[in-house]
Protein chains: 2
Amino acid sequence: MNHTRPYSASLDRLRPAGLRPTRQRLALARLLFETGDRHVTAEQLHGEARDAGIRVSVATVYNTLHQFTEAGLLREVVVDPGRAYFDTNTSEHHHFYTEETGALEDIPGDRVVLALMPNTPLGTVIDRVDVILRLKTDS
Amino acid sequence: MNHTRPYSASLDRLRPAGLRPTRQRLALARLLFETGDRHVTAEQLHGEARDAGIRVSVATVYNTLHQFTEAGLLREVVVDPGRAYFDTNTSEHHHFYTEETGALEDIPGDRVVLALMPNTPLGTVIDRVDVILRLKTDS
DNA sequence: TCAATAATTAGAATGACTCTAATAAATCTC
DNA sequence: GAGATTTATTAGAGTCATTCTAATTATTGA
Ligand SMILES: [Mn+2]
Ligand SMILES: [Mn+2]
Ligand SMILES: [Zn+2]
Ligand SMILES: [Zn+2]
């Protein structure tokens with residue numbers, strides 16, 4: 001079914017962002033958004049594309065991840081110095097991160113409540129609040 | 001005064017960590033700990049050492065930062081993918097980070113209260129809680 | 001003082017990411 | 001739809017922070 005518009009969901013994401021629906025962007029969008037919420041690195045996504053028979057360069061994977069992030073389709077999660085994770089869940093939520101394994105897992109926004117927000121330095125305003133619960137395997 | 005033991009404070013930090021008090025480690029410890037709480041990158045610290053006339057290699061700066069971190073004298077702050085910050089303030093506290101400027105500033109632990117800690121995944125335990133308030137300059 | 005151990009070093013290597021400038025694809029105009 | 005215009009993709013080189021290697025040097029403790 002829906003044989004004539006196999007990419008329509010992805011198309012509808014790209015159009016409002018002013019991004020031309022190229023073969024590469026459509027394919028990456030499907031990998032990213034058609035399997036529920038996920039966290040990926042550029043290297044992982046490039047590997048998945050290759051495995052799926054999609055030819056796309058690393059440069060394009062990086063370009064696309066950044067463009068999607070600017071368009072609000074993705075969000076970047078900073079947990080490891082030296083490696084960027086991209087998150088398909090753009091709703092307010094936080095993260096568990098296990099350094100040993102690299103596992104990154106969501107914490108729903110309503111499971112963490114922050115109180116007593118401090119005043120921000122002069123001339124600045126809060127852009128985002130990141131809460132990372134760093135885990136270790138128990139001994 | 002105290003002319004005969006100019007490095008005693010730093011010495012006392014290294015000894016319990018089982019780190020030999022070498023010229024390089026003592027000098028870096030002074031740069032790190034004798035000017036109040038601070039956040040530094042390896043590159044910054046290496047530059048300060050050079051400016052102070054201390055000859056020390058980048059490799060040693062990295063080694064020392066990691067050894068001090070393992071010894072609990074420093075703590076690593078992850079705010080930027082691609083650059084590691086080291087924090088001389090090891091007490092419980094959180095951070096403001098302004099990506100535009102790279103400014104990293106402390107928030108005292110008691111100014112942020114976290115409630116409703118979620119259950120951790122099986123086999124893991126919370127090692128640390130990082131709260132980062134990401135700032136932007138206001139428009 | 002000497003042997004044993006640990007630390008430092010220069011420079012090469014790595015890994016993630018970005019840039020360049022040439023090619024190709026998508027869109028716009030008619 | 002053809003051609004012009006704009007935007008995207010690409011291979012490969014370049015960058016930057018960080019780590020590794022293996023040779024030299026310093027510290028320790030007998
Ligand atoms: Mn890492
Ligand atoms: Mn950055
Ligand atoms: Zn997430
Ligand atoms: Zn701090």
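Lettering of chains follows the sequences in order, A, B, ..., and the numbering in each one begins at 1.
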| note | Atom CD of A/Q24 and atom P of C/dA24 are separated, to the nearest Å, by 13 Å
| Could you state the interatomic distance from CG (A/L65) to CD (A/E76), rounded to the nearest 0.5 Å? | 9.0 Å
| message | Whole angstroms only, please: what is the NE2-C1' distance between A/H46 and D/dA11? | response | 11 Å
| From A/T120 atom OG1 to B/D138 atom CG, the distance as rounded to the nearest 0.5 Å | 7.5 Å
| Rounded to the nearest Å, what distance is computed from the CG atom of residue B/L45 to the P atom of nucleotide D/dA17? | 15 Å
| request: Give B/V58 one of three labels, base, sugar-phosphate or nothing, depending on what nucleic acid heavy atoms sit under 4.0 Å from its own. | output: nothing
| message | Counting only side-chain nitrogens and oxygens, does B/Q67 get under 4.0 Å of the OP1 or OP2 atom of C/dA7? | response | no
| message | Rounding to an integer number of Å, can you tell me how far A/R55 CZ sits from D/dT10 P? | response | 8 Å
| request: Report yes if at least one side-chain N or O of B/Y62 is closer than 4.0 Å to OP1 or OP2 of D/dT18; otherwise report no. | output: yes
| A/T60 side chain, from C-beta outward: closest of C/dA6, C/dT9, D/dT9 | D/dT9
| Separation between OG1 of A/T90 and CG of A/L74, rounded to the nearest 0.5 Å | 8.5 Å
| message | So if I take every side-chain heavy atom of A/R20 and compare against C/dT9, C/dA7, D/dT7, which nucleotide ends up nearest? | response | D/dT7
| task | Can you figure out which of C/dC19, D/dA8, C/dC17 approaches the side chain of A/A84 most closely? | result | C/dC17
| message | Expressed as a whole number of angstroms, how long is the span from A/R83:CZ to C/dT14:P? | response | 16 Å
| Partner of A/F86 by side-chain contact (heavy atoms from CB on, under 4.5 Å), out of A/H39, A/H66, A/R38 | A/H66
| query | Say you draw a straight line from CG of A/D106 to NE2 of A/H93; how long is it, rounded to the nearest 0.5 Å? | reply | 3.5 Å
| task | Map B/T41 and A/V61 onto DNA chain D by nearest heavy atom, then report which one ends up closer to the 5' terminus. | result | A/V61
| said: Does atom CZ (A/R50) have a neighbourhood of more than 12 heavy atoms from anything else shown, all under 6.0 Å? | reply: no
| query | Taking atom P of D/dT18 as reference, at what distance in whole Å does atom CG of A/D80 sit? | reply | 11 Å
| field | Closest nucleotide among D/dT18, D/dT19, C/dT8 to the B/H66 side chain | value | D/dT19
| task | Please tell me which of the listed nucleotides, C/dT9, D/dT27, C/dA26, lies nearest to the side chain of B/A59? | result | C/dT9
| Nucleotide of D/dT28, C/dC19, C/dA26 approaching A/P21 most closely (side-chain heavy atoms) | C/dA26
| Listed nucleotide nearest any side-chain atom of B/A42, set C/dA26, D/dT18, C/dT9 | D/dT18
| request: Could you tell me the separation between the CZ atom of B/R23 and the C1' atom of D/dA26, rounded to a whole number of Å? | output: 10 Å
| note | Of the listed C/dT8, D/dA8, C/dC19, the closest approach to the B/R25 side chain comes from C/dT8
| query | Starting at CG of A/L19 and ending at P of C/dA25, how long is that distance when rounded to a whole Å? | reply | 19 Å
| field | Options C/dT8, D/dT18, C/dA16, nucleotide nearest the side-chain atoms of B/N63 | value | C/dT8
